[in-house]
Amino acid sequence: MDEHNRTGRFGGRVCTRFPPEPNGYLHIGHAKSINLNYGLAADYGGHFNLRMDDTNPEKEEQEYVSSIIDDVRWLGARWPGMRADDPKAGVLWGSNYFDHMYAWAVELIKKGKAYVCDLAADEMSRTRGTLTTPGQDSPFRSRSIAENLDLFERMRKGEFPDGTKTLRAKIDMAHANLNLRDPVMYRIMHATHHNTGDKWCIYPMYDWAHGFEDALEGITHSICTLEFENHRPLYDWFIDAVNAGRTDDGSGPWGKKIHHPQQIEFARLNLTYTVMSKRRLLELVKSGRVRGWDDPRMPTVSGMRRRGYTSEAIREFCRRIGVSKVESTVDVALLEHCVREHLNKVAPRVMGVLRPLKLVIDNYPDGQAEELDAINNPEDESAGTRKVPFSKVLYIEHDDFRETPPPKYWRLYPGNEVRLRYAYFVKCTGCTKDAFGHVVEVHCTYDPATRGGDAPDGRKVKSTMHWVSAAHALPVEVRLYDHLFTRPDPDDVSDDALRAAGEGEAPAEPSAAGRPLTPLPLREGLGEGRSAGQPDATSADATAQDWKSNLNPNSLETIHPAYVEPSVANAAPETRYQFERHGYFCVDPDSDAAPGNVAADPGVGRSTPGARRLVFNRTVTLKDTWAKIEKKGT
RNA sequence: UGGGGAUUAGUGUAACGGUAGCACGACUGACUCUGGAUCAGUUAGCCCAGGUUCGAAUCCUGGAUCCCCAGCCA
């Protein structure tokens, strides 16, 4: 762009666009493109268009249009004519340019650069030649201009059935670039278009349409992915063909030249432990292996949003990965780092116990309760403080107690003293077990002098633990997510993965987060477990040996109930918190409306606020040094 | 064996004839009322071979490897 500005190629103007085909939901790869295009326009003081590339009525749906618009807005891109009250305001449509395209097609016919071809699809394929051998001219290549004009007009009128005729560019059937071997410009498709209805029964192909969409909008830099590099000569050829005979001032038979944008390619984004193609994401959705396009495990924009990722984090991620023409796979750890980095600054802290274990403070008065001050966000003083209820019986994390502590374990074990965050020092006196030897209750005594969490005598404890008061805590559902696939590259179906599949087990590699999920009685579901490691009777036969065999059977674990401090009771969906020592969590839309919102809906009488169903998604874990130590020890 | 691209630490990305840098990851350590955060440090790289040059990741020649293209998809 600097070069173009220097040479004045576009008069110092910069205009970019994001041109999705509405046939699927946007994913993080699209986010990269959106940020690139929008960012460039913003940096160079230009403008950015959101345009639906809707040239194929058979594949496109309204649902996708709405989700795309929603996602692009959420990501922070702004386009001319955008309005808050009307999502579609200012959105552009490739299908709105069909009239222009048709006229230009007629012009090409008149210039002898296009012809109507009667070859069937398979015949055309056969005569296209191969990578190393030239194709053969279509027998219809030399039709007269008059005949072509007549036939094309009749194609438009609907006189011919689908697939019987095409309009082709007359270029070179022997060209080394197969895209230039008389590519199809229009095909016959008697289908109702979501935007143009039944006006057309011929629809333009991508190559024919795309350059003109860019040209009409005055796009300067048409940025696309690497696989379109082979198409750039055709992109240029079509615009040059229209411009042939045209002049800058519009004199002459063909009129004024049209704008010629510059196509530029960059590498699409790949991420470890996930798949990114729309085809594969659709397959996951359709087969029910995820709950939908916005399943929090999906790399879709809506999935990440539902999971609790922020658009700021995604933008920062896009900034850090850079842009190049090298095909690469970015470590998902970088994305997660960006999410933690942002959430650490903005997410209020809260205490929540995922695997509850009862802790009884034997010397705390029965029936007594008090409220303790807790800091909402140590990274943000303006976030203030809140009160957290405390009483004799608490829940602590199951993993925060060991009857016999392993080396370097600083938490609760008989005889050890720890701090309950913002509350008191407590010293473990023992535990009680059930008939099977499972610890069911831990007992301790507290030191009333340490109220608030500091010992007046200056003594230190090695550990600070989170807790909730059993009588006050909110029972909630928590969904823990892990990577969708067990391998960095889902396409890696090497021997051991297959062997594991054959044995009906997940591949041997530990979960990507580096911490195998601990089975507990509370564990409710195994997510999509049926899909990955347990093929039917035929087991690891050839058909099962694809990327889906690497699906992580433990990508979703549901915990119910987990207990969270009462301050989150009324949180709206998408509200994000840090559950201290666990990670970042986000209220899922599956939660019932908060009491405050229920009033708006009289049909839902809800007398007890505490009965609201609350569902949290784990966005990302905190870094867990102890998990590493423990893992090394084993 | 046709055409088009690409190749810098484990990963991603800078340096555009002049000391190969940054981020993530991994590993140490310090600090801490989150085993969080933060801070400090360590680790590790120019695809190969020639050539030009005082000097090459960068320019030239040859080679290797990887990706894309034979839809009436985009």
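A, B, ... follow the sequence lines: proteins, then strands. Residue 1 opens every chain. These numbers were taken from a predicted model, which means no experiment stands behind them.
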K.L.:
Taking atom P in both B:rU42 and B:rU34, compute the distance separating them and give it to the nearest angstrom.
P.N.:
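It works out to 28 Å between them.
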K.L.:
A:Ile28 CD1 to B:rG12 P: how many Å, rounded?
P.N.:
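Distance check: A:Ile28 CD1 to B:rG12 P gives 16 Å.
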K.L.:
Between atom CZ in A:Arg319 and atom C1' in B:rG12, what is the gap in whole Å?
P.N.:
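Rounded to the whole Å, the gap is 13 Å.
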K.L.:
May I ask you to check whether A:His221 and A:His4 place their ring centers less than 6.0 Å from one another?
P.N.:
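Between A:His221 and A:His4, the centre distance is under 6.0 Å.
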K.L.:
Nearest to the side chain of A:Val330, which nucleotide is it out of B:rG3, B:rG12, B:rA74?
P.N.:
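Output: B:rG12.
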K.L.:
How far, in whole Å, is B:rC27 from B:rA9 if one measures between their C1' atoms?
P.N.:
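Here B:rA9 and B:rC27 have their C1' atoms 15 Å from each other.
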K.L.:
Any donor-acceptor pair under 3.5 Å joining the side chain of A:Arg349 to the base of B:rU34?
P.N.:
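Such a pair exists between side chain and base.
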K.L.:
CG of A:Leu234 versus P of B:rA74: gap in Å, rounded?
P.N.:
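Distance, rounded to whole Å: 12 Å.
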K.L.:
Is there a donor and acceptor pair, one atom on the side chain of A:Asn230 and one on the base of B:rG3, closer than 3.5 Å?
P.N.:
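Per atom types, the contact qualifies.
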K.L.:
Salt bridge between A:Lys59 and A:Glu21, side-chain N to carboxylate O under 4.0 Å?
P.N.:
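Salt bridge: no.
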K.L.:
With respect to the phosphate group of B:rC31, does any side-chain polar atom (N or O) of A:Lys460 fall under 4.0 Å of OP1 or OP2?
P.N.:
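For B:rC31, neither OP1 nor OP2 has a side-chain N or O of A:Lys460 closer than 4.0 Å.
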K.L.:
Across all strands, who's sitting opposite B:rA20 as a Watson-Crick or G-U wobble pair, both distances under 3.5 Å?
P.N.:
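Checking every strand shown, B:rA20 finds no partner, since no pair has both distances under 3.5 Å.
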K.L.:
Calculate the interatomic distance between A:Lys628 atom NZ and B:rG36 atom P; express it in whole Å.
P.N.:
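That distance rounds to 9 Å.
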K.L.:
Does the side chain of A:Ser324 get closer than 4.0 angstrom to OP1 or OP2 of B:rU13 through an N or O atom?
P.N.:
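Yes, such a contact exists.
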K.L.:
Do any side-chain nitrogens or oxygens of A:His337 fall under 4.0 Å of OP1 or OP2 in B:rC24?
P.N.:
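Looking at the OP1 and OP2 atoms of B:rC24, one of them is under 4.0 Å from a side-chain N or O of A:His337.
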K.L.:
Under the criterion side-chain contact (heavy atoms from CB on, under 4.5 Å), which of A:Thr464, A:Ile396, A:Asp399, A:Asn416 is the partner of A:Arg411?
P.N.:
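So, applying the side-chain contact (heavy atoms from CB on, under 4.5 Å) to A:Arg411 and each of A:Thr464, A:Ile396, A:Asp399, A:Asn416, only A:Asp399 qualifies.
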K.L.:
Below 4.0 angstrom from OP1 or OP2 of B:rC72, is there any side-chain N or O of A:Arg128?
P.N.:
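Yes.
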K.L.:
Would you say a side-chain N or O of A:Thr55 is under 4.0 Å from OP1 or OP2 of B:rA74?
P.N.:
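For B:rA74, OP1 or OP2 has a side-chain N or O of A:Thr55 closer than 4.0 Å.
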K.L.:
Starting from P on B:rG4, measure out to CG on A:Asp236 and report it in whole angstrom.
P.N.:
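Taking CG of A:Asp236 and P of B:rG4, I get 15 Å after rounding.
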K.L.:
Using a 4.0 Å heavy-atom cut-off across all strands, classify A:Met351 as base, sugar-phosphate, or nothing.
P.N.:
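Since no nucleic acid heavy atom lies under 4.0 Å of A:Met351, the category is nothing.
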K.L.:
In this structure, are over 12 heavy atoms from other groups packed under 6.0 Å from A:Lys325 atom NZ?
P.N.:
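More than 12 within 6.0 Å, yes.
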K.L.:
I want to check one thing: is the phosphate of B:rG36, taken as OP1 and OP2, less than 4.0 Å away from some side-chain N or O of A:Thr625?
P.N.:
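It does, given that an N or O in the side chain of A:Thr625 lies less than 4.0 Å from OP1 or OP2 of B:rG36.
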K.L.:
Starting at atom OH of A:Tyr203, determine the distance to atom C1' of B:rC72, rounded to an integer number of angstrom.
P.N.:
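Rounded to the whole Å, the gap is 14 Å.
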K.L.:
Please measure how far the P atom in B:rU43 lies from the corresponding atom in B:rG63, and state the result in whole Å.
P.N.:
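Looking at atom P only, B:rU43 and B:rG63 are 39 Å apart.
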K.L.:
With respect to the phosphate group of B:rU32, does any side-chain polar atom (N or O) of A:Thr464 fall under 4.0 Å of OP1 or OP2?
P.N.:
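So the side chain of A:Thr464 is outside the cut-off, no N or O lying under 4.0 Å from OP1 or OP2 of B:rU32.
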K.L.:
Taking the six-membered ring for Trp and the full ring for Phe, Tyr or His, determine whether the centres of A:Tyr563 and A:Tyr395 are under 6.0 Å apart.
P.N.:
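Under 6.0 Å, so yes.
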K.L.:
Per the atom types in the model, does the base of B:rA74 pair as donor or acceptor with the side chain of A:His231 at under 3.5 Å?
P.N.:
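Indeed, a donor on one side and an acceptor on the other fall under 3.5 Å apart.
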K.L.:
In Watson-Crick or G-U wobble terms, both distances under 3.5 Å, what is the partner of B:rA56?
P.N.:
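In the structure as shown, B:rA56 has no Watson-Crick or wobble partner.
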K.L.:
Between the side chains of A:Arg419 and A:Asp447, is the shortest nitrogen-to-carboxylate-oxygen separation below 4.0 Å, so that they form an ion pair?
P.N.:
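Salt bridge flag = no for A:Arg419 with A:Asp447.
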K.L.:
Provide the distance between the two P atoms, one in B:rC46 and one in B:rA57, to the nearest whole Å.
P.N.:
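The same atom, P, in both gives a distance of 11 Å.
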K.L.:
Examine the base of B:rG35 for any acceptor or donor lying under 3.5 Å from a partner atom in the side chain of A:Arg411, and report the outcome as yes or no.
P.N.:
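Such a pair exists between side chain and base.
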K.L.:
Given the structure, check if the side chain of A:Glu379 and the base of B:rG36 hold any donor-acceptor pair shorter than 3.5 Å.
P.N.:
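Donor-acceptor pair under 3.5 Å: yes.
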K.L.:
Using the six-membered ring of A:Tyr584, assess whether NZ or CZ of A:Arg576 lies under 6.0 Å from its centre and within 45 degrees of the ring axis.
P.N.:
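Pair A:Arg576/A:Tyr584 does not count as cation-pi.
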K.L.:
Closest to the A:Leu622 side chain: B:rC73, B:rG2, B:rG36?
P.N.:
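Side chain of A:Leu622 sits closest to B:rG36.
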K.L.:
Among B:rG35, B:rG2, B:rG71, which nucleotide has an atom closest to any side-chain atom of A:Leu178?
P.N.:
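Closest nucleotide to the A:Leu178 side chain: B:rG2.
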K.L.:
Using a cut-off of 4.0 Å on non-hydrogen atoms, how would the nucleic acid contact of A:Pro19 be classed: base, sugar-phosphate, or nothing?
P.N.:
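Result for A:Pro19 = nothing.
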K.L.:
Ignoring backbone atoms, establish whether A:Arg187 has a side-chain N or O less than 4.0 Å from OP1 or OP2 of B:rC73.
P.N.:
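Affirmative; the distance criterion is met.
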K.L.:
Does B:rG25 have its OP1 or OP2 closer than 4.0 Å to a side-chain nitrogen or oxygen of A:Lys623?
P.N.:
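Indeed, a polar side-chain atom of A:Lys623 lies that close.
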K.L.:
Counting only Watson-Crick or G-U wobble pairs whose two distances fall under 3.5 Å, which nucleotide matches B:rA6?
P.N.:
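The base-pairing partner of B:rA6, which may sit in any strand shown, is B:rU65.
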K.L.:
What is the distance, rounded to the nearest whole Å, between atom CG of A:Leu334 and atom P of B:rA23?
P.N.:
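In whole Å, B:rA23 P and A:Leu334 CG are 12 Å from each other.
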K.L.:
Checking all strands, does A:Leu420 fall into the base, sugar-phosphate, or nothing category for heavy-atom contacts under 4.0 angstrom?
P.N.:
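Contact class for A:Leu420: none.
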